[in-house]
Amino acid sequence: MKKYNPKEIEPKRQKAWEEDKTFLTTEKMNQEKFFALVEFPYPSGAGLHVGHARPYTAMDVIARKKRMEGRNVLFPIGFDAFGLPTENYAIKTGRPPAEVTAENIVTFTRQLKALGFSFDWSRAVDTTDPKYYKWTQWLFLQFFKQGLAYKKNQPINWCPKDKIGLANEEVVAGCCERCGTAVEKRNKEQWMLAITKYADSLLAGLNEVDYIPQARAQQENWIGRSEGALIRFVIARRAGSHRPDEAIPPLTELPPTELQGIASPRSSARNDMREIEVFTTRPDTIFGATFLAISAELANKWLGIGWQTSAEVQKYITDTLVEQAVNTTREEKEKTGIATGVKAINPANGEEIPVWITNYVLGTVGTGAIMAVPAHDERDWEFAKKYNLPLKEVVLKIIGRPLPNAIRRDGACAVIMKGNKVLVLYTKKFDFFSLPSGGYNPGETPTETIRREIREETGYINFKITDYLGELEKNVFAVGRNENRYRLHKGYLVQLLDEEKVPLQLDGYEDYVSEWVTPEEAIKKLSENPYKYGDEEFVRRALNESDRCFTGDGTAVNSDFLDGLSTPEAKAKIIAWLEEKGVGKRQVNYKLRDWVFSRQRYWGEPIPLVFCENCRNHKYNYVIIHGFGSDSTQGFKPWLKKELEEAGHSVFLPNLPNTNNPSVDEQVDYILKNTQLNEDTILIGHSLGGTVLLKLLEKISTPVAKAVIVDAPIAPRYSDGDRPDVNKSCDWNFDFAKIKKNSREFVVLGDKNFSVIPENQLRELGQLVGSPTRLVQPEGAHFSRGSTREPEVLQAALFAGWIPLPAEQLPLELPQVQKYEPTDTGESPLATMSEWVKTTCPKCGGAARRETDTMPNWAGSSWYWLRYCDPKNDQEFASQGKLVYWLKNKSVILNEAERSEESLKAKQGNDLSVKGSFANAKDDRCGGGVDWYNGGMEHTVLHLLYSRFWNQFLFDCGLVPTREPYKKRTSHGIVLAEDGEKMSKSRGNVINPDDMVDKYGADALRTYIMFMGPFDQAVAWSTNGLVGVRRFLDRVWNLKEHVIARSYSDEATPSFKELIPSEHEGIASPRSSARNDKLTTLLHQTIKKVTEDIDGMRFNTAISALMQLTNEMTKQEAVTSGDYKILIQLLYPFAPHLGEEVWSALGANVTIAYEPWPQYDPALAKAEEFSLVVQINGKVRDTFSVSSDTSEDEAKRLALGSEKIQKWLEGKEPKKIIYVKNKLVSIVI
RNA sequence: GCCCGGAUGGCGGAAUUGGUAGACGCACGGGACUCAAAAUCCCGCGGCCGCAAGGUCAUGAGAGUUCGAUUCUCUCUUCGGGCACCA
């Protein structure tokens, strides 16, 4: 007998897979696909880590099983090779990163192949390969062209000693990772990707996909949506606090992404007013706002430069800013602040409240200003306590759950104190403690009520009310009256003056006895009251123990028209009120920030843009065309005109004729008559003005430079009702071929809320002019109602001087440089290559300079799964037909004609005008994506979010067939070292997969890694455990000698020619044909379990089932080859080399990889007998084996008849007998 | 502080529509084979009482619901992960 020798069979099998192209994948239009994805590795110099083996083996197991189940499996691999370690290595050694990367990839490839993964190596990608990053650059340009990539001043981490910018992960405890110098913040212009515009969509998309809950939760957390309101507080300036000649600077300068759609307070009517705008998630507490707190950073912004202030306040601001710049640690700092002397008016009640500058309000969150409600916000409370600021309670905590049919009965409650003892009442009848309390009698004031109740329930007559303890709302059960109650209780602190008493006057159901106890006891006893809970809260308040800061939902009080409303109701009502008064609005805020997309590094994709001073300075003639029922003074147009003129352009903004009863043709003629259109003209048309713009383009003969169409109709269909005057203003027929020719560039902007123009019409327009519609959140609905400025329109209309490289100039390759360090100024090493930087402008042909920043490491991985679908394509990032095949839910089977058309369309997309074939994709076409994506938890936030963002954007551009990239996402737990610590070179506890393969074999390593513990949990490595698994594989191998000829299932497997080693013939007799013995049952149960467990990633229990089956087979005298083959097939996904070897040893002449997965027979999986458990009072007293078809009566009879049970019953009659089918009989005595 | 997820023998871990707790593997002990060792095979293996049959306690701690709880509810302890002055 030949011993199991993985060292011999594994390389042999790997070679065969490679030579036979076993796992190369092609699109098979008549076969259902399965796209299995693992995160591609970063090829570090350290080589493959066992940590890689866990997720890769898991998906390999799943992929191999799916192949056997008849799916066309795409299981690709590649290398995410841009990154810091290689770059730092290059800086240290001077070796080109590309060279080092190539070497590392060779090592990784060898190691991955040695583990026997069934990757399609022909599809391997390398993000640093210019053939790959050509498309990364191309995709980035789509973002740029859609206005989603912009430049912005952003602070970066700067090491003053090394003179380089640091990534966040290179900053350790505020210091440079390599030299330990304290890191500074420096401002640098950076490219940004506007991921915040997709915040809603990224959140909503989570409903369409199947992600493990933690991944979903983390994504939601990171996006951090909070709903609330923006509220404007007018500053009430005292005379002399403001110099009348002072120019008031603009207030709202936050980027639009952070403050989407805040109506600006700077309408001309309010020019003499300053306002502070706050964001709050609790607008319902506005009546409790006792001060405003603003961040030191934004003090000048909110209060105005030059506002009169003391040196003290100025010093505070400076000190705080310095402190915040230096102190980058995450510890919570003590709250500090200073009163400014400025007062603001609470719009809800007209109260004047002070404005404080504080360190606990951050400039980067919300508006940088808050209304402080100390009674209902812990931070405000802490601050107010420190600075002795007043507190106003406006939300009552509701104690107890709401009860059905509750009757309202308000009242008062007393905490009576004598020295340090508290008086509680005990009722024997109901056995509980309470405080003296009662409902108001008609005409009584609360204090009269409590005086009366104290006299009646305690008899004391000499006492004095010393404090008011506030109110509590309670849902209670009034046990004496037997009814549910809902009450507002006012609490009073009462000091007993002497012991004088009168007789008690108790109601019939009351039997109170007074008891003096310590406050601690009182709290304990009162909290145990099952009916009247909540009294203890008054005791706490009496002791000043309760901090009186309640942040939960409750009932509004002291809030004028909100009184009595629940928190959600109060929120809705106050927002409606604020909106009506024009002092606030509903607002959604996100934690998510835009993505900093620049790195001042060498080893990344160059950003394919050039800066052209000439183009930037070029002056254009703008024509702004207003819409229906409007004129040149309406909405954002005057503002836009002013902005453009200030930038040196000329602007024609006419009042069009018959605006209320318009004719598009008439308006077109009017414009043509009154202004000249030429190649330096930029048209901006809003609403019906956009329609006019299109008709204008139909008529002219020389193309204009650009056309910006803002929320315009191309058909008489509206979201907000019929518009007869608009409908008849135009024939609604457009010659788009001509229109397209007559503008060199188009931008289509739409209101993402589709308040006037419906979604499909907007998208259609974008498609027709060849520039996907950009949906934005305008300042006012439809860019008109209440909007005075629309920055997005301005941005779309301007040329900032950044010009994209045309597609034929891509890839823009990384040039060879002398040194890989960033420069002293913090620019990337590319900036030193003056020959490379100097270039010509693709637009005007003049002198221009290249962008020298590179893309972040996340870029290449943000779309790599798409490239796997078509990795060799040099015309497109992937052909549309292949994307559809691999990514759609049900493979869309395209015929040849359709495929070539799809491909052609996509090719046109290559000229940088986006014209994908999915632009009209409706929801029923959105579903799908990678079928199963497994990766590390460390990537669930950034990589997952970034790649979802890219995919959603590409979907909106019509370039990919699904909105979401991944249908299903799972995560593996990390592999810890044998000592339970993280594996690390410095600890010296790293397990090298090469060593393990060498000693125990790849199959043993793979199977062990799957067996070591639950897949989603962290598990410590154990070499002993690996040895145990190797022993299991040995046993499976040795079973081969046990196999006898002839099997019931051999006929079903035609690839077998001959079975049976001949030396066994005649030794063992073939197993009975009855096929319902124990082994058969176990076999079918095992097929079921392994099948289900692999699908559920319960690999450990699948393997344990295989071990049990193996043990059982080993015990048999002989095993049929049919049974043995099933074992081998079930084990094959885990141990593929062994599987193949045994398979061919059994006589197969083809690979096992595509053999059909075993199916179980439910009838045979069911045991003939089961062991019936008999319990007495829940304790197992007997168990015996009975037939599976035993009836309930029979089972009970058998149970009661058992000798052991009889002994326990001791002649007693059972009270109850419980029967659980095929499980147990439980006897209660 | 907030949000998630855990806690079961000496170890990794099984077991959920509530129904025999400890499957499977490791480690350990005993035995067979062997001149011997390795390998392999067989047996045992949570604590306590008991020669045994059996009993009894036991799933982080405490309470509760139930004939019956690792599983459901509440409180607490503790470990891991994420976020963190997010208004």
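This one's a predicted model, so the numbers in the text were calculated from it and none came from an experiment.
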S.K.: What pairs of nitrogen or oxygen atoms, one from the protein and one from nucleotides 67-77 of chain B, lie under 3.5 Å apart?
M.R.:
| residue | atom | partner | partner atom | Å |
| --- | --- | --- | --- | --- |
| B:C67 | O2' | A:Gly1178 | N | 3.4 |
| B:C67 | O2 | A:Ser1226 | OG | 2.7 |

S.K.: Taking atom P in both B:U59 and B:G9, what distance in whole Å separates the two?
M.R.: 9 Å
S.K.: May I ask you to decide whether A:Lys386 forms a salt bridge with A:Glu382, counting only side-chain N to carboxylate O separations under 4.0 Å?
M.R.: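 No, A:Lys386 and A:Glu382 are not salt-bridged.
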S.K.: Taking atom P in both B:G19 and B:G12, compute the distance separating them and give it to the nearest angstrom.
M.R.: 25 Å
S.K.: Are the charged groups of A:Arg969 and A:Glu39 less than 4.0 angstrom apart, N to O?
M.R.: yes
S.K.: Between the protein and nucleotides 4-11 of chain B, list the N/O to N/O atom pairs that are separated by less than 3.5 angstrom.
M.R.:
none

S.K.: Counting the atoms with a prime plus P, OP1 and OP2 as sugar-phosphate, which does A:Phe1011 contact under 4.0 Å by heavy atoms, base, sugar-phosphate, or nothing?
M.R.: base
S.K.: If I pick the P atom on B:A52 and the same atom on B:C45, what distance separates them, to the nearest angstrom?
M.R.: 12 Å
S.K.: Report the residues that fulfil side chain to side chain contact (heavy atoms under 4.5 Å, CB included) with A:Pro283, sequence neighbours left out, ordered by chain and then residue number.
M.R.: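 For A:Pro283, the residues satisfying side chain to side chain contact (heavy atoms under 4.5 Å, CB included) (neighbours in sequence not counted) are A:Ala229, A:Ile231, A:Thr280, A:Lys571, A:Ile574, A:Ile575.
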S.K.: Please report whether the ring centroid of A:Trp356 lies less than 6.0 Å from that of A:Tyr316.
M.R.: no
S.K.: How long is the line joining NZ of A:Lys1207 and P of B:G55, in whole Å?
M.R.: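 Rounding to the nearest Å, NZ of A:Lys1207 and P of B:G55 are 7 Å apart.
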S.K.: Is it the case that atom NZ in A:Lys385 sees more than 12 heavy atoms from other parts of the structure closer than 6.0 Å?
M.R.: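 Result for NZ/A:Lys385: open.
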S.K.: A:Tyr360 and A:Phe383: ring pair (Phe, Tyr, Trp, His ring centres under 6.0 Å), yes or no, with the steps?
M.R.: CA-CA 9 Å; A:Tyr360 81 96; A:Phe383 187 80; 5.2 Å; yes
S.K.: With a 4.0 Å limit, can you tell me whether A:Asn1100 has a side-chain N or O closer than that to the phosphate oxygens OP1/OP2 of B:G25?
M.R.: no
S.K.: Scan A:Lys1223 against the nucleic acid and name what it touches under 4.0 Å (heavy atoms): base, sugar-phosphate only, or nothing.
M.R.: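 Answer is sugar-phosphate: A:Lys1223 comes under 4.0 Å of backbone atoms only.
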S.K.: Just compare B:G25, B:C83, B:A87 and give me whichever is closest to any side-chain atom of A:Val361.
M.R.: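 In terms of side-chain proximity for A:Val361, the closest of B:G25, B:C83, B:A87 is B:A87.
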S.K.: For nucleotides B:G64 and B:G18, find the distance between their C1' atoms and express it as a whole number of Å.
M.R.: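 15 Å, rounded to whole Å.
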S.K.: What's the closest nucleotide to the side chain of A:Thr281 if the choices are B:G12, B:A87, B:G54?
M.R.: B:A87
S.K.: Could you go through nucleotides 38-45 of chain B and list every protein N or O atom that sits under 3.5 Å from one of its N or O atoms, giving the distance for each pair?
M.R.:
none

S.K.: What's the NE2-C1' distance between A:His972 and B:G81, to the nearest Å?
M.R.: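 Distance check: A:His972 NE2 to B:G81 C1' gives 14 Å.
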S.K.: In this structure, how many angstroms lie between the C1' atom of B:C24 and the CZ atom of A:Phe1134, rounded?
M.R.: 13 Å
S.K.: I need the A:Arg54 CZ to A:Phe1099 CZ distance, nearest 0.5 Å.
M.R.: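 Those atoms lie 9.5 Å apart.
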S.K.: Are any of the side-chain heavy atoms of A:Leu298 and A:Thr367 separated by less than 4.5 Å?
M.R.: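 Side-chain contact under 4.5 Å: no.
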S.K.: Is there a side-chain contact between A:Arg1098 and A:Phe1015 (heavy atoms, below 4.5 Å)?
M.R.: no
S.K.: Both conditions, 6.0 Å and 45 degrees, for the charged tip of A:Lys1204 above the ring of A:Trp1208: are they met here?
M.R.: no
S.K.: Test of understanding: with side chain to side chain donor-acceptor pair (under 3.5 Å), list the residues that count as partners of A:Lys7, not counting sequence neighbours.
M.R.: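 Per chain and number, A:Lys7 pairs via side chain to side chain donor-acceptor pair (under 3.5 Å) with A:Asp998.
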S.K.: What residues form a side chain to side chain contact (heavy atoms under 4.5 Å, CB included) with A:Ala53, not counting sequence neighbours?
M.R.: A:Thr57, A:Leu115, A:Ile1009
S.K.: Name the closest nucleotide to the A:Ser1171 side chain, picking from B:A23, B:C83, B:U20.
M.R.: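 Of the candidates, B:U20 comes closest.
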S.K.: With pairs taken as Watson-Crick or G-U wobble and both distances under 3.5 angstrom, which stems of at least three consecutive pairs involve RNA chain B?
M.R.: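 As far as RNA chain B goes, consecutive pairing (with distances under 3.5 Å) yields the stems B:1-7 with B:77-83, B:10-12 with B:24-26, B:28-32 with B:40-44, B:46-49 with B:54-57, B:60-64 with B:72-76.
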S.K.: On RNA chain B, does the nearest nucleotide to A:Met371 precede the nearest nucleotide to A:Asn1111 from the 5' side, or the other way round? Give the residue.
M.R.: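 The residue mapped nearer the 5' terminus is A:Asn1111.
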S.K.: Quick one: label A:Trp1208 by what it contacts on the DNA or RNA (base, sugar-phosphate, nothing), any heavy atom closer than 4.0 Å.
M.R.: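 Sugar-phosphate only.
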S.K.: Between B:G1 atom P and A:Lys335 atom NZ, what is the distance in whole Å?
M.R.: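 It is 14 Å, rounded to the nearest whole Å.
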S.K.: Charged N to carboxylate O under 4.0 angstrom, A:Asp200 versus A:Arg225?
M.R.: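 Looking at A:Asp200 and A:Arg225, the cut-off is met.
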S.K.: Checking A:Glu978 now: which residues fulfil salt bridge (charged side-chain N to carboxylate O under 4.0 Å, His left out) with it, not counting sequence neighbours?
M.R.: none
S.K.: C1' atom, B:C76 versus B:A21: distance in rounded Å?
M.R.: 25 Å
S.K.: Where does B:G81 land, syn or anti, given syn is within 90° of 0?
M.R.: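 You should classify B:G81 as anti.
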S.K.: Rounding to a whole Å, what distance do you find between A:Arg1181:CZ and B:U20:P?
M.R.: 15 Å
S.K.: Among B:G19, B:G12, B:U20, which is the nearest nucleotide to the side chain of A:Val1180?
M.R.: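 So the side chain of A:Val1180 is nearest to B:U20.
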S.K.: For A:Gly224, answer base if it contacts any base atom (sugar-phosphate contacts may also be present), sugar-phosphate if it contacts only those atoms, and nothing otherwise; contact means non-hydrogen atoms under 4.0 Å.
M.R.: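 Since no nucleic acid heavy atom lies under 4.0 Å of A:Gly224, the category is nothing.
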S.K.: When you check the phosphate oxygens OP1 and OP2 of B:A87, does a side-chain N or O of A:Ser226 lie under 4.0 Å from one of them?
M.R.: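 Yes, because at least one side-chain N or O of A:Ser226 sits under 4.0 Å from OP1 or OP2 of B:A87.
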S.K.: Under the rule for side chain to side chain donor-acceptor pair (under 3.5 Å), what residues qualify as partners of A:Thr1101, not counting sequence neighbours?
M.R.: A:Asp1093
S.K.: By nearest heavy atom, map A:Gly1013 and A:Leu1224 onto RNA chain B; which one lands nearer the 5' end?
M.R.: A:Gly1013
S.K.: List in chain and number order the residues that pass side chain to side chain contact (heavy atoms under 4.5 Å, CB included) with A:Thr1190, two or more places apart in sequence or in another chain; answer none if no residue qualifies.
M.R.: A:Val1186, A:Ser1187, A:Glu1194, A:Ala1195, A:Leu1198
S.K.: Rounded to whole angstrom, note down the C1' distance from B:G47 over to B:U8.
M.R.: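 Those two atoms are separated by 14 Å.
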S.K.: Taking atom P in both B:G6 and B:G10, what distance in whole Å separates the two?
M.R.: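 B:G6 and B:G10 have their P atoms separated by 23 Å.
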S.K.: Where along residues 1090-1099 of chain A does a heavy atom fall under 4.0 Å from RNA chain B?
M.R.: none
S.K.: On a whole-Å scale, what distance lies between the P atoms belonging to B:G54 and B:A37?
M.R.: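 Per the computed distance, 37 Å lies between those P atoms.
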S.K.: Please determine, for the side chain of A:Asn1024, which listed nucleotide (B:C85, B:C26, B:G19) has the closest atom?
M.R.: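 Closest nucleotide among those given: B:C26.
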S.K.: What is the distance, to the nearest angstrom, from the CG atom on A:Leu592 to the C1' atom on B:C83?
M.R.: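 Value for this atom pair: 14 Å.
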S.K.: Using atom CD1 of A:Ile212 as one end and atom C1' of B:G82 as the other, report the distance to the nearest whole Å.
M.R.: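 Computing the A:Ile212:CD1 to B:G82:C1' distance gives 12 Å.
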S.K.: Please report, to 0.1 Å, the donor-acceptor pairs under 3.5 Å made by any side chain of residues 1220-1229 of chain A, with sequence neighbours excluded.
M.R.:
none

S.K.: From B:A87, B:U20, B:G81, pick the nucleotide closest to the side chain of A:Gln218?
M.R.: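 Output: B:G81.
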S.K.: Give a yes or no on this: more than 12 heavy atoms of other residues, nucleotides or ligands lie within 6.0 Å of atom NZ of A:Lys392.
M.R.: yes
S.K.: Where the side chain of A:Val1173 is concerned, which of B:U20, B:G19, B:G12 is the nearest nucleotide?
M.R.: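 The listed nucleotide nearest to A:Val1173's side chain is B:U20.
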S.K.: Please find the pair of heavy atoms, one from A:Arg1006 and one from A:Pro1133, that lie closest to each other, and give the distance.
M.R.: NH2-O, 2.9 Å
